[in-house]
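Per chain, numbering begins at 1; letters A, B, ... match sequence-line order.
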Amino acid sequence: MKQVFIIILLIIIGYFLANTFVEIPFGGNRIGNVESNETVAGYYLSNTAKKTGVANVITAIVVNYRGLDTLGEVTVLFLATTGLASILYRRKEEEEDTERLNLPSSRIMRSGVRVLFPAIVLLGIYVFIHGHLTPGGGFQGGTIVATGFLLMLISYKGFNTDHNRMVWIESLAGLSFVGIGIWGLLSGNTFLENTTNIGVVNSLISGGLIPIIYIVVGFKVAVELTGILDILLKIKPKK
Amino acid sequence: MQEQFNEIFIKYHEIITIGVYGTAIALMLIGLYAILMKKNLVKIVIGLTILDAGIHLLFVGIGYIQNGTAPIFSPGYENSADRMVDPVPQALVLTAIIIGFAVTAVALSLVIRLYKHHNTAKIDQIKHLKW
Amino acid sequence: MVISPIHYIFVPLVAAFAIPLLSKLNKELPRIIPGIVLFYNIIISFVLMQEVNEVGYISEVIAGWRAPIGINLIITPFSGFLVSLISVLGFLIWLYGFRFKKVIDDGELRSYNILQMMMITGAIGIIITGDIFNLFVFLEIVAITAVSLTSFYRGRDGAEAGFKYLLIGGFASAMILLAILILYTQVGTLNMAEIAERMHTVPTEIKSTILILFIVGFGIEAELFPLNGWAPDAYSQAPGPTSTAFAGIVVKAGVYGLIRIIFTLFDIEGAYDFLIIAGLITMIIAEAAALKQTNLKRMLAYSSIGQMGLALIAFGIGTKEAVFAAMFLLLNHAIIKSLLFMTGSILMYNSKEKTISSLHGIAKRLPFISILFAIGAFAIVGLPPFSGFWSKLYILSAAADKEMIFLIVTILAVSVIEIIYYFRVVSKLYFAEGTTNVEVYKPKINAKISMLILGIAIFVIGFYPDLVTGYLHNAADILLDKASYIQYVLNTDSTIQ
Amino acid sequence: MIFIILLIVMAVLLLAAAIYSIVNRDLLFAVMGTGIVSVILSLFFYLLQAPDVALTEAAMGIALTTIIFIITIRNTTRDENEIIDKEEEMKMKTDKES
């Protein structure tokens, strides 16, 4: 009975959404002509190269035009890590041992990971350093580095990320992101303003503070995701 | 090549629209079905991720413009601003994916703790709190 | 560095990022830092309120891009009043919860303090941001912190309440994301002022879909009837100070988000009647459910849902007088409900199943706390000398102006129900003789101070309501005329530059 | 022409993977279903000219979400209706008695 009721409900919702999206043509040009700024996207496309000197428009939007979103974004990840730590927290007396229950990984896995790990971390760092030129950026690069650490965590029992250093990197990265914002305020303009010169568009050193913010975000995301994975891997199944 | 693409795009316009919007809405409905129907907690969280995946696909779908290019001024494309796809939905989806991941991580940690207390991962056996 | 709305956000952020480091220096720091930050919030709101009185609006541009291009923070008289209310409450909750936990080792202490401080920052962020997607991000911050705090205690029910809250919260944020998506296709911008300006171009059929999706999304945060299944569990399982923060702060942010969507963004007539109906249903069902509750915190949770229903009804009536009455109710409810939650969780501190029956005759052993609880109970019900009376009176008079007799009758009937279940608790407190010899938790001096301040505030507003009403009247006028809001944010560039 | 064929094939695969991951009783395969959904979603984004989002979905959806699900399954049950677990408990009881 319940299944029938739910399926009817879903059909109603589906019909409701379908006929709103019938009026929105797929592939239709909603930006209008780019020069006149009546839509926000038109403004971004026509002014990013000139005003922010960044080749990747999305990086300019995420970091500079809508900088507060990314700040909120980084706090969401930081709070998820803290929340996770407090939900799965085992007090000192409950903890038997904190090392991970690693199933013995095969020889192929261990040697393969030893080769792959530096390559993945290098790729991740490349992605978030070139965030303002090529697709990718702080979030994507950080996640790739975290997958690298994940491989190491799974295959080597002895490999342990040094908790203290991780906390230092995480806090310093977050503080420098907010610090850049405060520095914008201190130097008389608004919060998170891109005050330095923006250089030539497609060169590595271009876009003023934007690449620096994205590198900082990259470090923070990498450390936080590794932290989440580390906490989750440390839980012992009951059986 | 370009005009050939255009008239194909116009000829099959309905199929393409159904192709993108239809799949996105269908994904959302599948996700909703799983959340409402399934008993197992992990299945419910899977439903939540699929619901989010549907919305992210819809977000990028509305941003697409017919034969537009990616909004990146790489060396060869300095002045092709008017042929670019809408960048704003993509910037929003970037944030939405990360938030979706954070919510899933917290949800799964709660599932682990619930299993530790109740020794079952079925939602109808965890009805300890009543109205 | 002139004081501006962004200080509400980046100062707690600096503190939150620094706490893990500073807690290595000395163990006590994670407890003290949130206090400093929340006290600084009070200073900011004091300074900004002066400015809002003269100028009417404060809009601050972020990252140097003017309003529709970049994100802007906007403080209107109503949002300024709510934010200063939240800052004061946040500080008092911190003061109350300073030594509240029995035994807590440093890992939990650090997480607890970061999450509590960021929940209040998220609520403030929801109120002052002028951009829809930014509103969504702050809503997520509140959602994640609230879930982690609900499941803070090691017990079984905390995780269950947390999971239920997260599931419904995840669904709500998916709906809000969908609404933002459809709105963006129609309007082409994300700034609330520009959306309000262009809203008339949206075809009505799509506009109603967007409105329904937003109402579902924010209804869950503002605890409208069908969507508030999570609230009583979350309130009762969360630690004392957190459930006070839920009732006093997080619900206000949710209600403000809903009101802003309906008043400033949309101009559909049907929305006001919807508010009245939704508020009515929420109030009746919540108060009825509160009647048969045995757990004290669940009863208080249902009562606060009912009060929020009443506030939505007042907003739904839509006249200047009604909106003013609703704001006054939000103010009173925040103060009184916080006092009730604080005193309630101390009375309940040691009893295992936290039922009302374990309250027998505690008044003899905790005279100070019981008196404050009684004051709170009388105030929320709306007895004359206390502040609750004025807000209910203004709502009834606003309803009378619009000849909504049915509304007046239901509000009075619900007040009677409230009187019944609150006096039942108070009578148990004083007149039933103490059967359980549960040793009672004596609160420390700082908890006593914060509760005393709230008690005094109830009396002060009760005797001199015009202390606050003048300000709220002009806030109601400004909330209602949308044109000046749009004109201010978009055209004038008088931001803080 | 390739655009439309690719679009339709991916749409069908996407829905098939989503339904598979909902219907399947063994949670490990259900989680692999979500992984496949993320892979195809990432290709979809690439097709819709959104390389940044494709990279995020690839890194976040395929790698990390799947691994978190697998860790959760390791700490809870693998079978959705927990029949296999009950059989194991029965077996353990009978071993103890014998």
Item to check | Structural part of D:Leu55 lying under 4.5 Å from a heavy atom of chain B | outcome: neither
Checklist entry - Do B:Tyr33 and B:Leu29 have side-chain heavy atoms sitting under 4.5 Å apart? => result no
Next on the checklist: Counting heavy-atom pairs closer than 4.5 Å to chain D, which one of B:Ile65, B:Leu41, B:Leu27 comes out on top?
Outcome noted: B:Leu27
Checklist outcome for this item: Highest number of heavy-atom pairs under 4.5 Å with chain D among B:Ala105, B:Gly68, B:Gly22 belongs to B:Gly68
Checklist entry - Any idea which of D:Leu15, D:Leu14, D:Thr34 has the most non-hydrogen atom pairs under 4.5 angstrom with chain B? => result D:Leu15
Checklist entry - CG/D:Leu48 to CG/D:Leu43 distance, rounded to the nearest 0.5 angstrom? => result 11.0 Å
Checklist entry - Would a 4.5 Å heavy-atom cut-off, applied to side chains only, mark D:Ser38 and D:Thr65 as touching? => result no
Item to check | Per-residue contact mode, B:Ile46 against chain D (heavy atom under 4.5 angstrom) | outcome: both
Next on the checklist: I need the residue from D:Leu27, D:Val37, D:Asp52, D:Leu64 with the largest number of non-hydrogen atom pairs under 4.5 Å to chain B.
Outcome noted: D:Leu27
Next on the checklist: Tell me which of these, D:Val31, D:Thr72, D:Asn24, has more heavy-atom pairs under 4.5 Å with chain B than the rest.
Outcome noted: D:Thr72
Checklist outcome for this item: Of B:Val20, B:Leu57, B:Ile50, the largest count of non-hydrogen pairs under 4.5 angstrom with chain D goes to B:Leu57
Item to check | Under 4.5 Å from any heavy atom of chain D - which part of B:Val85 | outcome: side chain
Checklist outcome for this item: Cut-off 4.5 Å, heavy atoms of chain B, and the answer for D:Leu41 is side chain
Next on the checklist: Please rank B:Val60, B:Val111, B:Leu108, B:Ile112 by heavy-atom pairs under 4.5 Å with chain D and give me the top one.
Outcome noted: B:Leu108
Checklist entry - Does atom CZ of D:Phe3 have more than 12 heavy-atom neighbours, drawn from other residues, nucleotides or ligands, at distances under 6.0 Å? => result yes
Next on the checklist: Contact between D:Ile71 and D:Asn75 at the side-chain level, heavy atoms closer than 4.5 Å - yes or no?
Outcome noted: yes
Checklist entry - Between B:Thr69, B:Ile97, B:Ile72, which residue shows the highest count of heavy-atom pairs closer than 4.5 Å to chain D? => result B:Ile97
Item to check | Minimum-distance pair of heavy atoms, taken over all atoms of D:Tyr20 and D:Gly33 | outcome: CD2-CA, 4.4 Å
Checklist entry - Does anything in residues 43-55 of chain B pair up under salt bridge (Lys or Arg N to Asp or Glu O under 4.0 Å), and if so which pairs, sequence neighbours excluded? => result B:Lys43-D:Glu80
Item to check | Residue among D:Phe44, D:Phe45, D:Phe69 with most heavy-atom pairs under 4.5 Å to chain B | outcome: D:Phe69
Item to check | From CD (D:Gln49) to CG (B:Asp86), nearest 0.5 Å | outcome: 13.0 Å
Item to check | Side-chain touch D:Tyr46/D:Val53, heavy atoms, less than 4.5 angstrom | outcome: no
Next on the checklist: Please classify the contact of D:Leu7 with chain B as side chain, backbone, both or neither, using a heavy-atom distance under 4.5 Å.
Outcome noted: side chain
Item to check | Part of D:Ile8 within contact of chain B (heavy atom distance under 4.5 Å) | outcome: side chain
Checklist entry - Quick one: does D:Ile36's side chain get under 4.5 Å of D:Leu13's, heavy atoms only? => result no
